Amino acid sequence: MKRHRLHLLALLLMLVLAVAAAGCGGDDDEGDEAGADTAATAAEETTEEAVSGSINVLAVWTGAEGEAFQAVLDGFTEKNPDVKVSYKSAKDPGQVLATSVEGGNPPDIAALPSPGLMKDFASRGALKEIDFVKDAITENYAGSWLDLGTVEGKLYGLFFKGANKSTVWYNVAVFEDAGVEPPEDWDAFLEAADTLKASGVAAYSLGGADGWTLTDLFENIYLRTAGPEKYDQLADHEIPWTDPSVKEALTEMGKVLGDTENIAGGTSGALQTDFPTSVTQVYSTPPKAAQVLEGDFVGGVIAAETKAKPETGFNVYAFPEIGDSGQVVVGGGDVMVMFKDNPAARALIKYLATPEAGQIWAEKGGFSSPNKNVDESVYPDEITKKTAIDLAQAEVFRFDLSDLQPAAFGGDAMFTILQDFLKSPKDVDGAAQKLEKAAAAAFKS
Amino acid sequence: MSSTSVRAEFPLEEGTPPAPESPRWRGLGTPLVFLAPAIFFLVIWMVYPTLRTMLRSLYSDDGDRFVWLENYERLFRDDRLLTAIKNNAFWVLLIPAAVTAVGLIFAVLVERVRWSVAFKIAVFMPLAVSLFAVGVIWRIMYQQDPERGAINAAISGAKGFVQETGVLSTAKPSSDALEGTPKGGLTLKDAIRPGAVATLGLTAVSAGEIPEDAKEAVQPEPLQGGISGVVWRDFKPGGGTPGEVEAEEVGLPGVTVELRDAAGKKIDSTTSEDDGTFRFEDVGDGEYRVAIGASTFAQPFRGVNWLGDKLITPAIMFAYIWVTAGFAMVIIGAGLAAIPRDVLEAARTDGGSEWQVFRRVTVPLLGPVLTVVFVTQIIGVLKIFDLVVAIAPGSSQDDAATLAFVMWQRAFSGQNLFGLGAAISTFLLVLFIPFLVFQIKRFRTETA
């Protein structure tokens, strides 16, 4: 048996070694390369004027987005011909970065899809401070963006691409038939919904099968009724979900969800409608609803899946103000962070903070720059321009709250509870208690 | 399992002559060489992951803290897991029996139909489709909107023969002058006398629903000795004033208006004109009520909510039976073919009816085969996952949850609760054990 056991062991060992060698091989190569690069840049360059070297950039963008970002990077290499920038995309940058940080060879610069991830890497000491662009950010961005890029007083992140989730997309013909104008505040919004109902078309199209459409609606209402300070506290779970401010927001939300005759397909229909259908049914013939409450990415779905034409067929207005909330925006964004501090990387970060960098992508469409000094005229159409300006010039911008929660809560339990709330929109207390219970459990584990 | 099968070889060895050195292991050499690849891969992909998962279930989600049995405690505190356990219990109680029964019926029937091969292929075909694709197909078939879901479209088609959709299926009263519900018909609240004008305002009539020949509504003149009135779309862009006939508002032609006496009995009925007006002439003195009958508002079939929280699990179960019935049919069919014909003949000769032969002879003889199908299905059903993911929309997933599904959700869908996920897997493994033991025992008795 000993002999056999030895054979077995040997076989096992060989396999393990083979796997290990294959796995590490790639990493080693990259590590050497990157190491050599940093060494080279560090040795050669100290001045800002003419940097050289080569840097790696990692982000999620592929396809048309990848090409557009490459064009942005080309704009950088045009100005800095001695710098070689190689861009790689990853479907899940967070995961790729987690392993490459662990392995000691992260890219120089990466775009992270959420500030939560940035916080994670910062607390592990993986990120380098970028206070050298603080002035540029103060000059080019609204105040919220600087705060969002800051972790414990240190600036780590520069927001390059933004997403505006405080938008309402409507069917222009239905609004005209009903004689309704895009409302500016919440009361007018609810009144318009009544008028739409009387005109024979449901006012709301809700994609309730996808729970995140409901969290987006809640967040938009909460940021307006409770204000940004409470919003931040709730995001960090410093106040419980049973707080009166949450209940107030849920009550307002119930005014939409509880108007069941005014929801396309009624409650059960809304619970089975996924997000893409919630968009297309607003532009079907006959239209099943007048408007859909979701972010700027709705525009892409309309363009791809319906025949509606911009401005004459579909249009957009900003999520209405509630009380004196002012012009506030809930949204998302990709934040550029630096894993390695070298002159070339610094130069690229500085470049990305300039309006020119944003303009390159903005011209190509499908992009909202959070940079308020980006020339508005470069946006390819009026609708993109409108949502982008709302985003960049928002008095208050807050990141999508559910994306800042532990995934078990923000990506699951919160969905289910709000879907239950859609089923019984009068049960504000019950929903608040369930949210608190789930949030407490998720923050504990 | 691998170790038991190795041990099962031992008796062979006793027959071989003992070798001079290391007599105990000598005879094992050749079998082991042949078994080595299988053992090797089983260890790598079955034994090691199983043990590793069990060990992992004792650690925290991020894996750096040993937490004893805390994950198992969490398991029983998680509401969705309790639903999952309940659902799994239903699955195990209902489905293996249902699949076996359906398979048996098909297997027996298929022997008697003319196009048996075609029938067999049709029933067996779903098994060739991946479970996930099956889920996608049924998800579409189950859609509630009859315009999207095939099943509701079929029901809607069948109902269409019985019930007609009203001309104004979505309309609502525009003011509280009208009482009742669209379902039971709408009646003017105040009784009126001859010479009065009845105004029946309706809203929520979409622009597409207005009949083509509709003209602008007019306020009708009072009628001497009769009752006149108008049914109109009490809405113009911006809303208008409810209850008032205004410019731009159109009449609703073709609406059946009823005249009822004070007791609510129908006396007369008429149909509205293009401008929405109607008249009941020569009405005797007294109090009357004017109403729009319920048939005007008859709703089209809205569709059964198959994918809602109540029906989602039965809906998934049905799809599962659809897939696996073919498998059961083929296995049981093979068992049927193996039954000696003379036994059946003998039973028939002895005067047994077809049913008696089936129940007293065929089924008992099929016993072992039915058990195979049954136990295989229990194991298949315990790990049901793909159909749940593919069929249940996000809003019903928590109602359709099964253990395997929640395991995936907690550990791999981005929640990264690996400790809890490992605990669920281990729990599921424990549930499997009795059936695995049963299967193995049966294999042994069969080979013996």
Side-chain angles (χ1 to χ4, degrees), chain A residues 1-4 7-8 11-12 15 173-181 191 194-195 197-202 207-212 214 261-262 265-266 268-274 277 281 285-288 406-409 411-413 415-416 419-420 422-423 434 437-438 441-442 445, chain B residues 22 24-25 28-29 32-33 36-37 39-40 43-44 60-62 74 77-80 142-145 148 170-172 174 203-210 233-240 242 248 302-303 305-309 393-398 409-410 413-417 419-420:
Chain A
M1 181 58 185
K2 231 169 206 166
R3 212 179 55 213
H4 299 301
H7 277 185
L8 245 175
L11 243 163
L12 239 169
L15 196 102
V174 171
F175 265 47
E176 274 170 9
D177 277 350
V180 173
E181 292 289 320
E191 200 180 304
D194 278 341
T195 312
K197 175 162 68 176
S199 83
V201 183
D210 292 322
W212 54 267
L214 300 175
E261 280 174 6
N262 222 348
S268 69
L271 282 167
Q272 279 180 37
T273 307
D274 55 16
T277 313
Q281 71 183 7
T285 31
K288 293 204 164 72
F409 178 59
D412 186 326
F415 295 176
T416 324
Q419 281 162 342
D420 285 344
L422 171 57
K423 284 179 215 163
K434 280 191 263 176
K437 194 182 155 208
S445 61
Chain B
S22 69
R24 274 211 72 182
W25 303 112
L28 201 55
L32 200 69
V33 167
I39 293 177
F40 175 74
V43 166
I44 298 261
S60 63
D61 288 326
D62 46 18
R74 276 165 80 193
R77 267 191 286 127
D78 189 327
D79 286 344
R80 194 166 307 166
Y142 279 136
Q143 288 287 318
Q144 183 177 12
D145 186 344
R148 295 201 196 109
T170 58
K172 301 271 178 303
S174 67
T203 61
V205 179
S206 69
E209 257 188 316
I210 302 169
R233 182 189 191 228
D234 191 4
F235 181 85
K236 63 175 184 179
E248 283 183 71
R302 283 284 188 79
N305 191 4
W306 300 110
L307 298 175
D309 50 1
S395 53
S396 312
Q397 276 184 352
D398 54 329
Q409 216 174 22
R410 292 288 182 252
S413 71
Q415 300 185 15
N416 297 346
L417 306 176
L420 182 59

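Below, chains carry the letters A, B, ... as their sequence lines are ordered, and counting in each starts from 1. Computed from a predicted structure; not experimentally measured.
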Task: Pair A:Gln272-B:Asp145, side-chain donor/acceptor within less than 3.5 Å - done: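 Their side chains do not contain a donor-acceptor pair, so the 3.5 Å distance test is not met.
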
Between [X] and chain B, which part of the residue has a heavy atom less than 4.5 Å away: side chain, backbone, both or neither?
X: A:Ser268; value: both
X: A:Asp210; value: neither
X: A:Glu181; value: neither
X: A:Gln281; value: side chain

If I measure from the heavy atoms of chain A, does [X] come under 4.5 Å with its side chain, its backbone, both, or neither?
X: B:Asn305; result: both
X: B:Asp78; result: neither
X: B:Arg80; result: side chain
X: B:Gln397; result: neither

TODO: For the pair A:Lys197 and B:Lys172, evaluate side chain to side chain contact (heavy atoms under 4.5 Å, CB included) and give the outcome as yes or no after the intermediate values.
DONE: CA-CA 10 Å; A:Lys197 175 162 68 176; B:Lys172 301 271 178 303; over 6 Å; no

Once rounded to the nearest 0.5 Å, what's the spacing between atom [atom1] of [X] and atom [atom2] of [Y]?
X: A:Lys423; Y: B:Asp309; atom1: NZ; atom2: CG; result: 4.0 Å
X: A:Leu271; Y: B:Leu307; atom1: CG; atom2: CG; result: 11.0 Å
X: B:Lys236; Y: A:Thr195; atom1: NZ; atom2: OG1; result: 12.5 Å

Open item on the list: Please give me the minimum heavy-atom distance between A:Ala178 and B:Phe235, naming the atom from each residue.
Closed with: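 In terms of heavy atoms, the two residues are closest at O-CZ, 3.6 Å.
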
- [ ] Just give me the residue among B:Arg233, B:Glu209, B:Arg77 that pairs up with chain A most often, heavy atom to heavy atom, under 4.5 Å.
- [x]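 The residue among B:Arg233, B:Glu209, B:Arg77 with the greatest pair count is B:Arg233.
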
- [ ] Output the option from B:Ser395, B:Gly419, B:Ser206 having the highest count of non-hydrogen pairs under 4.5 Å with chain A.
- [x]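 Heavy-atom pair counts peak at B:Ser395.
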
Task: Option that, when pairs with chain B are counted at under 4.5 Å, heavy atom only, ranks first among A:Thr416, A:Val201, A:Leu214 - done: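 Counting heavy-atom pairs under 4.5 Å, the top option is A:Thr416.
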
Task: Top of A:Ser199, A:Gly269, A:Gly179 for chain B proximity - count of heavy-atom pairs under 4.5 angstrom - done: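 Heavy-atom pair counts peak at A:Ser199.
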
- [ ] For A:Lys437 and B:Asp79, run salt bridge (charged side-chain N to carboxylate O under 4.0 Å, His left out): C-alpha distance rounded to whole Å, both residues' side-chain angles, the deciding distance at 0.1 Å, then the answer.
- [x] CA-CA 11 Å; A:Lys437 194 182 155 208; B:Asp79 286 344; 3.5 Å; yes

Open item on the list: Checking the side chain of B:Arg302 only, and the main-chain atoms of A:Gly265 only, is there a donor and an acceptor separated by less than 3.5 Å?
Closed with: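 Here the side-chain-to-backbone pair does not exist.
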
